[in-house]
Amino acid sequence: MSSLDTFAALTTQLVASSITGINTTTDIAYPNDSFDPAGKAQWLACYYQPATSEMLGKSAVSSNDDRGFFQVSIFTKRDPGGSIAGSLAIVDDIKSNFVYNTVLTYNNQQVEILDSVPQQAREVDGWFQQDITINYLTFSQRG
């Protein structure tokens with residue numbers, strides 16, 4: 001597995017998605033990158049987390065089953081009226097682009113989407129934050 005290619009496959013899919021109210025070239029914060037949300041009504045942050053690697057054979061040419069998650073955090077300006085419609089529309093758009101059994105490919109690295117699960121929303125520093133955890137599976141060659 002190439003962690004770089006797996007991350008690239010996931011972020012390429014996110015950028016190619018049509019997401020309500022999000023400009024995918026300017027409204028996404030990436031790990032270890034400067035991003036200033038000032039003046040934005042909504043934006044996304046993405047996080048890549050490899051989790052497990054299991055051997056599928058004992059030889060040097062066998063494969064590994066690699067799993068992890070890609071989290072997309074949705075930030076929308078806090079609405080004093082209490083509406084979460086904007087955040088939920090973005091949740092729906094992201095989920096529709098990362099559905100079960102979707103296979104993403106980047107530099108021949110295939111990444112299979114296992115599920116996309118929204119997490120409980122909360123208020124963070126004047127923003128309403130809703131996270132979506134996208135669990136993935138990929139295989140890597142050893143040696």
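Positions are given from 1, in the same order as the sequence printed here.
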Novice: Take V111 and L10 through the test side chain to side chain contact (heavy atoms under 4.5 Å, CB included) and record every step on the way to the result.
Specialist: CA-CA 8 Å; V111 180; L10 293 162; 4.2 Å; yes

Novice: Taking side chain as C-beta onward, heavy atoms only, is I28 less than 4.5 Å from L14?
Specialist: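 A side-chain contact exists here, since the closest heavy-atom pair is under 4.5 Å.
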
Novice: Would you please test F70 and T11 for side chain to side chain contact (heavy atoms under 4.5 Å, CB included) and show each step?
Specialist: CA-CA 9 Å; F70 180 64; T11 55; 3.9 Å; yes

Novice: Please answer whether the main-chain N or O of A29 pairs with a side-chain N or O of D33 as donor and acceptor at a distance below 3.5 Å.
Specialist: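 Answer holds: no.
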
Novice: Could you state the interatomic distance from CG (L104) to CD (Q110), rounded to the nearest 0.5 Å?
Specialist: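 L104 CG to Q110 CD: 9.5 Å, rounded to 0.5 Å.
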
Novice: Less than 4.5 Å apart, any side-chain heavy atom of N135 and any of T133?
Specialist: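 Yes - at least one pair of side-chain heavy atoms lies under 4.5 Å apart.
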
Novice: Report the C-alpha separation of I22 and Q42 in whole Å, then their side-chain angles, then the decisive distance to 0.1 Å, and conclude whether the side chain to side chain contact (heavy atoms under 4.5 Å, CB included) test is met.
Specialist: CA-CA 7 Å; I22 298 293; Q42 51 205 14; 3.9 Å; yes

Novice: Working to the nearest 0.5 Å, report the span between OG of S87 and CG of D92.
Specialist: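 Atom-to-atom, S87:OG and D92:CG are 9.5 Å apart.
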
Novice: Do Y106 and T12 have side chains that approach each other closer than 4.5 Å (heavy atoms only, starting at C-beta)?
Specialist: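 They are in side-chain contact.
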
Novice: Between D93 and K95, is there a salt bridge with N-O shorter than 4.0 Å?
Specialist: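 Between D93 and K95 there is no salt bridge, as every charged N stays at least 4.0 Å from the carboxylate O atoms.
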
Novice: How far apart are the closest heavy atoms of P31 and C46, and which atoms are they?
Specialist: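 So the two residues come closest at CD-O, 3.3 Å.
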
Novice: What heavy-atom pair brings P118 and V91 nearest, and what distance separates the two atoms?
Specialist: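 Reported closest heavy-atom pair: CG-CG1, 3.9 Å.
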
Novice: Should Y30 and I94 be regarded as members of a common hydrophobic cluster, given that ILVMFWY residues are connected when their side-chain heavy atoms come within less than 4.5 Å of each other, either directly or indirectly?
Specialist: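 Y30 and I94: one cluster.
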
Novice: Would you check if L114 and R67 make a side-chain contact, meaning some heavy-atom pair closer than 4.5 Å?
Specialist: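 Yes, their side chains come closer than 4.5 Å.
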
Novice: Would you indicate whether N23, at its atom CG, is surrounded by more than 12 heavy atoms from other residues, nucleotides or ligands within a distance under 6.0 Å?
Specialist: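 More than 12 heavy atoms, drawn from other residues, nucleotides or ligands, come within 6.0 Å of this atom.
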
Novice: I'd like to know if the side chain of Q130 reaches the main chain of Q119, judged simply by a donor and an acceptor atom lying under 3.5 Å from each other, with no hydrogens or angles considered.
Specialist: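 Yes; at least one donor-acceptor contact below 3.5 Å.
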
Novice: For the residue pair F7 and Y48, is the inter-centroid distance of their aromatic rings smaller than 6.0 Å?
Specialist: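 They qualify: ring centres under 6.0 Å apart.
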
Novice: What's the verdict on side chain to side chain contact (heavy atoms under 4.5 Å, CB included) for I132 and V117, showing C-alpha distance, side-chain angles and the deciding distance?
Specialist: CA-CA 5 Å; I132 301 173; V117 183; over 6 Å; no

Novice: Any heavy-atom pair between the side chains of I74 and Q129 that's under 4.5 Å?
Specialist: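 No, too far: nothing below the 4.5 Å cut-off.
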
Novice: At their closest point, which heavy atom of W127 faces which heavy atom of K40, and how far apart are they?
Specialist: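 For W127 and K40, the tightest heavy-atom pair comes out as CH2-O, 3.2 Å.
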
Novice: To the nearest 0.5 Å, tell me how far N108 CG sits from T105 OG1.
Specialist: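 With rounding to 0.5 Å, CG (N108) is 8.0 Å from OG1 (T105).
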
Novice: When you compare the side chains of T138 and D66, does any donor N or O come within less than 3.5 Å of an acceptor on the partner?
Specialist: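 No, no side-chain donor-acceptor contact under 3.5 Å.
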
Novice: Would you kindly confirm whether Y47 and V15 end up in one hydrophobic cluster when ILVMFWY residues are joined by side chain heavy atoms under 4.5 Å apart?
Specialist: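 As far as the 4.5 Å side-chain criterion goes, V15 and Y47 are not connected within one cluster.
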
Novice: How many angstroms lie between CG in N107 and CG in L4, if you round to the nearest 0.5 Å?
Specialist: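 Rounded to the nearest 0.5 Å, the CG-CG separation comes out at 8.0 Å.
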
Novice: Is Q109 reaching over with its side chain to a backbone N or O of F139, donor-acceptor style, under 3.5 angstrom?
Specialist: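 Answer holds: yes.
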
Novice: Should L44 and F75 be regarded as members of a common hydrophobic cluster, given that ILVMFWY residues are connected when their side-chain heavy atoms come within less than 4.5 Å of each other, either directly or indirectly?
Specialist: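 Per the 4.5 Å side-chain linkage, L44 and F75 are not co-clustered.
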
Novice: Is there side-chain contact between I134 and F69, with heavy atoms separated by less than 4.5 Å?
Specialist: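 The answer is no; the side chains never approach within 4.5 Å.
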
Novice: Please round to the nearest 0.5 Å and tell me the distance separating atom CZ of R122 and atom CZ of F128.
Specialist: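 The CZ atom of R122 sits 9.5 Å away from the CZ atom of F128.
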
Novice: Counting N and O atoms only, with roles assigned by atom type, does the side chain of S116 sit under 3.5 Å from a partner on the main chain of F98, one being a donor and the other an acceptor?
Specialist: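 Side chain of S116 to backbone of F98: a pair is present.
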
Novice: Could you tell me if the side chain of D65 sits less than 4.5 Å from the side chain of L137, heavy atoms only?
Specialist: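 Yes, side chains in contact.
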
Novice: Can you find a pair of side-chain heavy atoms, one from V99 and one from I113, that are under 4.5 Å apart?
Specialist: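 Sidechains of I113 and V99: no contact.
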
Novice: Are the side chain of E112 and the backbone of T102 linked by a donor-acceptor contact shorter than 3.5 Å?
Specialist: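 A pair under 3.5 Å: no.
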
